[in-house]
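Worth knowing before you read on, the calculation uses all heavy atoms, side chains too, and leaves out hydrogens, waters and symmetry mates. Whatever order the structure lists ligands and atoms in, that order sets their numbers, starting from 1.
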Amino acid sequence: MAAHQEKKLAEERKHQNMQNDTKTSQGQWGRAWEVDWFSLASILFLLMFAPLIVYYFIMSCAQYQCSLTDPLLDLLTGNKHLSDIWNRTPMLTYRAAAIYSLWVTFQVFLYVSIPDFCHKFLPGYVGGVQEGAVTPAGVVNKYEINGLQAWIVTHVLWFANAYCFHFFSPTIIFDNWIPLLWCANILGYAVSTFAMIKGYFFPTNAKDCKITGNFFYDYMMGIEFNPRIGKWFDFKLFFNGRPGIVAWTLINLSFAAKQQELYGEVTNSMILVNVLQGIYVLDFFWNEAWYLKTIDICHDHFGWYLGWGDCVWLPYLYTLQGLYLVYHPVQLRTDYAMGVLMLGLLGYYIFRMTNHQKDLFRRTNGNCRIWGKKPEYIECSYMSVDGTKYYSKLMTSGFWGWARHFNYTGDLMGSLAYCLACGFEHVLPYFYVIYMTILLTHRCIRDEHRCSNKYGKDWKCYTAVVPYRLLPGVF
Ligand code: NDP
């Protein structure tokens, strides 16, 4: 079956290459067909070390007050053995397994069983059934956009429990943080493995599959483009948004509750982190329909990178600031806190406006106003697998005229603000901005490589008009 599918796909590729030979300005886009040694080495590194990195960060908070160097020093000087650290690590518990299963089941229920109501009464909110972008095979998927509703219902229940019902303590997430890590890993590996098997044996759309033949690459980067169960359960939309991003704000709230329990107050730094990251999360759900047009949905296949990443990496490492503040309750000077707030809000504004400008431009096919003027753009074209030619536009005005990814620049400013809210005593809370800088720079290069293949010479014209990637005049 897999061999047959590979042969079929290889034939399609050959056919496509022949077409591209005659139309050299365009190429086929999507993730790689062939694996170079650097990609393979990076993938093996991540598969081996990413779970350890997460464990190391969480363990160093639990056992070393968030110091990243002390565990290493202890090990290097022979003061402690790996087994000592491991023996002090909480194991998987029935309680954590029950909490996690209930959590995921509840999010699946909200996702598949309750169609969106929010768009009926919230002005300006785009929810309900929406269409994604054209896939490389020329398919347009439909999505039920109800993430905002799921976020609101979950948080209303959370606050109702915290203030009225008291079924469980709001510190429940913090109190089970490491046992829950094992549950998240089990789900992350299970879903990635299932996605790989599904990609080989019963893909949702065989034409949108990519099989390089390298097991590790296919496992990591995914085979299927948009795996689904039934008509509506879309893996990408669910796993990125629901267990991952809905959880983000709940995790932060649980950390704030723990501070209150331990020190009798919630520090201004914890409030700052909750507010700034809360805005980012709410923004994501308010714009969930826009998310359908981002790289995750439009270009990435669903493998370990997204499956495990959404279940483990995102909820555990994006929330490090809140976790750190439980161990180090930093109280910031008011003027410093205001500065951090301003930086966070400015970053958010740039991030949102840049994304909004592109969304508006693409939705209206350029018939809109950006900064009070008609947008400037470059006409471009590309082809899908079946050889159909499509036309598109690349905007060269507004924030998109300043740099090719100014939305990433705004995101990085916001990321820096979360970290600065934690003061300067430890490096651990700064992991986020370091990681985001690597992620977004790499993403930018990856995206540009793909766009260059997709648009050919039109992309060259675009980069000539907008020469910088993130910072005008610098990079
Ligand atoms: P973009 O929203 O920047 O989308 C890139 C795509 O937009 C390109 O592939 C191309 O797609 C199209 N495009 C590029 N240039 C132009 C242009 N000038 N005019 C019109 N369309 C253009 O990237 P992402 O999807 O990566 O990011 C979306 C947001 O999500 C960003 O703000 C980013 O910061 C954020 N993000 C956050 C992450 C996190 O972990 N917190 C992770 C990743 C992203 P096409 O093929 O349609 O032409």
Check: Which of the atoms in ligand 1, numbered in the order shown and given with their element, are less than 4.0 Å from a heavy-atom of R362?
Finding: 20 (C), 21 (N), 22 (C), 45 (P), 47 (O), 48 (O)
Check: What do you reckon, does K393 have a nitrogen or oxygen under 3.5 Å from a nitrogen or oxygen of ligand 1?
Finding: no
Check: Is the closest heavy-atom distance from Y377 to ligand 1 below 4.0 Å?
Finding: no
Notebook entry, point to check: Any salt bridge between K293 and D359, counting N to O under 4.0 Å?
Noted result: no
Next item on the list: State whether F302 and K236 meet the cation-pi test: NZ (Lys) or CZ (Arg) under 6.0 Å from the six-membered ring centroid, and within 45° of the perpendicular axis.
Entry: no
Next item on the list: Mark up the atoms of ligand 1 that fall under 4.0 Å of a heavy atom belonging to C451, in ascending order.
Entry: 8 (C), 9 (O), 10 (C)
Check: Does ligand 1 have an atom that lies less than 4.0 angstrom from a heavy atom of S392?
Finding: no
Item checked: Nearest neighbour of atom 36 (N) of ligand 1 from the list V134, D411, V466, on a heavy-atom basis -> D411
Margin query: Can you see whether W402 has R469 sitting over its ring - NZ or CZ less than 6.0 Å from the centre and within 45° of the normal?
Written below: no
Next item on the list: Would you please determine whether R404 falls within less than 4.0 Å of ligand 1 on a heavy-atom basis?
Entry: no
Notebook entry, point to check: Do any nitrogen or oxygen atoms of Y280 come within less than 3.5 Å of a nitrogen or oxygen of ligand 1?
Noted result: yes
Margin query: Between E144 and R228, does any NZ, NE, NH1 or NH2 come within less than 4.0 Å of an OD or OE carboxylate oxygen?
Written below: no
Margin query: M395 versus ligand 1: do any nitrogen or oxygen atoms come within less than 3.5 Å of each other?
Written below: yes
Check: Hey, does W290 sit under 4.0 Å from ligand 1 if you only count heavy atoms?
Finding: yes
Check: Relative to F174, does K258 satisfy both conditions: NZ or CZ under 6.0 angstrom from the six-membered ring centre, and within 45 degrees of the ring's axis?
Finding: no
Notebook entry, point to check: Any non-hydrogen atom of L439 lying under 4.0 Å from ligand 1?
Noted result: yes
Item checked: side chain to side chain donor-acceptor pair (under 3.5 Å) partner of W313, the single match among Y435, Y305, Y318 -> Y435
Margin query: Does any N or O of ligand 1 fall below 3.5 Å from an N or O anywhere on K358, backbone included?
Written below: yes
Check: In Å, rounded to the nearest 0.5 Å, how long is the span from CD1 of I370 to CD of E376?
Finding: 11.0 Å
Next item on the list: For residues V246 and F285, determine if any side-chain heavy atom of one lies less than 4.5 Å from a side-chain heavy atom of the other.
Entry: yes
Notebook entry, point to check: Of all the atoms in ligand 1, which lie at a distance below 4.0 Å from a heavy atom belonging to K454?
Noted result: 45 (P), 46 (O), 47 (O)
